[in-house]
Amino acid sequence: MTDTALPPVPDIIRSAYATLVVTDLAEARRFWVDLLGFVVTFEDSSAIYLRGYDELAHHNLILRAGREAAAGPLGFRVRSAADLGRAQAYFGALGCRYERLPAGAVRGLGEVIRVEDPLGFLIDFFDRSDHPERLQQRYDLRRGAEIARFDHFNICVPDVPRAYDYYSGLGFGLSETIEDGQTLYAAWMYRKQTVHDMAFTGGAGPRLHHLGFFAHEAHAVLRICDIIGSLHIEEHIERGPGRHGVSNAFYVYLRDPDGHRLEIYTSDYYTGDPDHPVLRWSVQDPRRRDFWGNAVIPSWYTEASAVLSLDGKLQPVTEIEQQAESAVRVGADGYTAPAGLVE
Ligand code: XXG
Ligand code: FE2
């Protein structure tokens, strides 16, 4: 079937939540709630539903207890119930497996269309959510990294142009890229009016690279780093803090007790104009991933979370099918090693 023969795509509003399978729920709670300061909407012995202080929907993150660490469904909010029907028809026409889950099957949400997408990721589309207590002005409650809301997914894919084509077809705009004359190494794409809802890192996939959570101020990024240092648990800081080239955001990447990566991210920019121009970074620009030219450590390029299939098994991973950004032999390579040191 050609693209023109496909049914209309669902109207996606934003990236909204993720699901992480964690091997020790109590330990995960200490990290995500006690340390980072996420708000608990609901919890029982098998799962914890978390949100940021600005979030008016039920959750931004579900931590689910399981035997093997993995990423479960990634959630996109769509505009209306009709868009759930569109999602079902669109992914059905693509030949993807999907389930229609009744309201409440994902706690706090209306009906969900759960799809195993063409890239191998589990995606939940939902249009309705419960609204827990508004906490935006409960400054007295804010702790840790003072997370405001979910911002973006970043996924590892073996073929970045293929992921770009698929998300273009879903109506995502392109904000920034890393490329050279031959290769698209990475791309940032949006539905909401920010730099991204979804980004692609070239690598073995499908795997989840990280979850990006928005904080209002660079101060929140620095403060959580100081708290982590004070507690002598600095192994949870993987990369940064710093200023990104791509997105211009201030950031730090942390790893949770199961190794799932998250980013605390703030102050990117508006992308809502219909003629929004794309910013294309050369893979040889040392400022592209850190505006101050700091090194990207190898684990950031190579490590990521396994993802679940629709039947709850770990998805098999395909090795990278293109030139890897981390192997580009330039002085401005991803590790900021002198030219010639990286093979
Ligand atoms: O959100 C992001 C990122 O995808 O995590 C990485 C914005 C920019 C970058 S990069 O490392 O390219 O500066
Ligand atoms: Fe990110």
Side-chain angles (χ1 to χ4, degrees), residues 14-16 18 20 52 60-61 71 74 145 147-157 160 163-164 167 172-180 183-203 205 207-215 218 220-221 224 237-256 260-271 278-305 324-326 328 330 332-336:
R14 61 164 170 140
S15 53
L20 295 177
N60 297 133
L61 178 64
L74 310 179
I147 305 294
R149 59 173 171 78
F150 191 77
D151 191 82
H152 60 267
F153 307 114
N154 187 307
I155 57 174
C156 292
V157 292
V160 172
Y164 165 76
Y167 271 95
F172 282 62
L174 179 65
S175 57
E176 305 201 23
T177 66
I178 294 175
E179 57 184 74
D180 60 21
T183 306
L184 179 64
Y185 296 91
W188 285 259
M189 302 189 77
Y190 60 93
R191 285 295 298 172
K192 69 179 176 335
Q193 300 180 346
T194 66
V195 169
H196 59 319
D197 289 287
M198 177 59 78
F200 316 119
T201 301
R207 292 181 302 159
L208 176 70
H209 188 274
H210 67 266
L211 303 174
F213 293 95
F214 192 84
V221 172
I224 193 63
I237 302 178
E238 185 188 33
R239 176 184 159 202
R243 168 82 61 193
H244 281 308
V246 170
S247 80
N248 193 39
F250 200 76
Y251 73 92
V252 66
Y253 296 94
L254 307 177
R255 303 291 289 269
D256 88 346
H260 297 304
R261 182 182 292 109
L262 73 141
E263 177 181 22
I264 304 183
Y265 175 94
T266 184
S267 43
D268 61 345
Y269 59 88
Y270 169 76
T271 56
V278 178
L279 178 53
R280 296 180 186 277
W281 291 81
S282 162
V283 73
Q284 307 213 353
D285 190 330
R287 301 168 307 163
R288 70 196 188 285
R289 286 200 175 273
D290 182 284
F291 197 54
W292 309 327
N294 280 322
V296 176
I297 67 170
S299 65
W300 190 90
Y301 278 118
T302 56
E303 295 177 11
S305 300
E325 183 184 341
S326 58
V328 173
V330 289
D333 68 276
Y335 307 134
T336 320

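Remember, it's 1-based here, ligands and their atoms both numbered in the order they're listed. The basis for the numbers below is simple: all heavy atoms, side chains too, and nothing from hydrogens, waters or symmetry mates. If you're wondering where the values come from, they're calculated on a predicted model, not measured in any experiment. We're numbering straight along the sequence, starting at 1.
- Looking only at N/O/S atoms, H210 comes nearest to the Fe ion (ligand 2) through NE2.
- Side-chain atoms of D197 come within 3.5 Å of backbone N or O of R191 as a donor-acceptor pair.
- Within the structure, the closest approach of H209 to ligand 1 does not fall below 4.0 Å when heavy atoms are considered.
- Under the 4.0 Å criterion applied to side-chain N and carboxylate O atoms, R243 and D290 are not assigned as salt-bridge partners.
- With a 4.0 Å cut-off on non-hydrogen atoms, R243 does not touch ligand 1 at all.
- In this structure, H196 is part of the shell of residues with a heavy atom less than 4.0 angstrom from ligand 1.
- Counting heavy atoms closer than 4.0 Å to ligand 1, residue N154 contributes side-chain atoms (C-beta onward) but none from N, CA, C or O.
- For ligand 1, the atoms lying closer than 4.0 Å to a non-hydrogen atom of S247 are 7 (C), 8 (C).
- Looking from atom 5 (O) of ligand 1 to the surrounding protein, the closest heavy atom is Y253 OH, 2.4 Å.
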Go through H210 and L262 one step at a time and tell me if the side chain to side chain contact (heavy atoms under 4.5 Å, CB included) criterion holds.
CA-CA 5 Å; H210 67 266; L262 73 141; 5.8 Å; no
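- When ring centroids are compared, Y251 and H244 come within the 6.0 Å threshold.
- The closest donor-acceptor contact from the side chain of T266 to the backbone of A215 lies under 3.5 Å.
- Among the backbone and side-chain atoms of H152, an N, O or S atom lies under 2.8 Å from the Fe ion (ligand 2).
- Neither the backbone nor the side chain of Y251 has a heavy atom within less than 4.0 Å of ligand 1.
- For H196 and Y265, the ring centers sit closer than 6.0 Å to each other.
- The shortest side-chain heavy-atom distance between S305 and R207 does not fall under the 4.5 Å cut-off.
- Defined by atom type and a distance below 3.5 Å, a donor-acceptor pair is present between the side-chain atoms of E325 and Y301.
- Residue R239 places a heavy atom under 4.0 Å from ligand 1.
- Listed by chain and number, the residues in a side-chain contact (heavy atoms from CB on, under 4.5 Å) with A163 are L119, V157, F200 (sequence neighbours excluded).
- The Fe ion (ligand 2) lies at 2.8 Å or more from every N, O or S atom belonging to D151.
- Ligand 1 has no N or O atom lying under 3.5 Å from any N or O atom of Y265, backbone or side chain.
- For atom 8 (C) of ligand 1, the closest non-hydrogen atom of the protein is V246 O, 3.2 Å.
- In terms of protein heavy-atom proximity, atom 12 (O) of ligand 1 is closest to R289 NH1, 2.9 Å.
- A donor-acceptor contact closer than 3.5 angstrom is absent between the side chains of H152 and S15.
- With no hydrogens or angles considered, no side-chain donor-acceptor pair links Q284 and S282 at under 3.5 Å.
- Residues passing the side-chain contact (heavy atoms from CB on, under 4.5 Å) test with L279 are E176, W281, sequence neighbours excluded.
- Between W188 and ligand 1 there is a heavy-atom distance shorter than 4.0 Å.
- Note: an N/O pair closer than 3.5 Å links R288 and ligand 1 by distance alone.
- Summary of contacts: the protein heavy atom closest to atom 13 (O) of ligand 1 is H244 ND1, 2.7 Å.
- Its N, O or S atom nearest to the Fe ion (ligand 2) is what matters here, and for E263 that atom is OE1.
- Residue contacts with ligand 1, taken as heavy atom pairs separated by less than 4.0 Å, involve H152 solely via side-chain atoms from C-beta onward.
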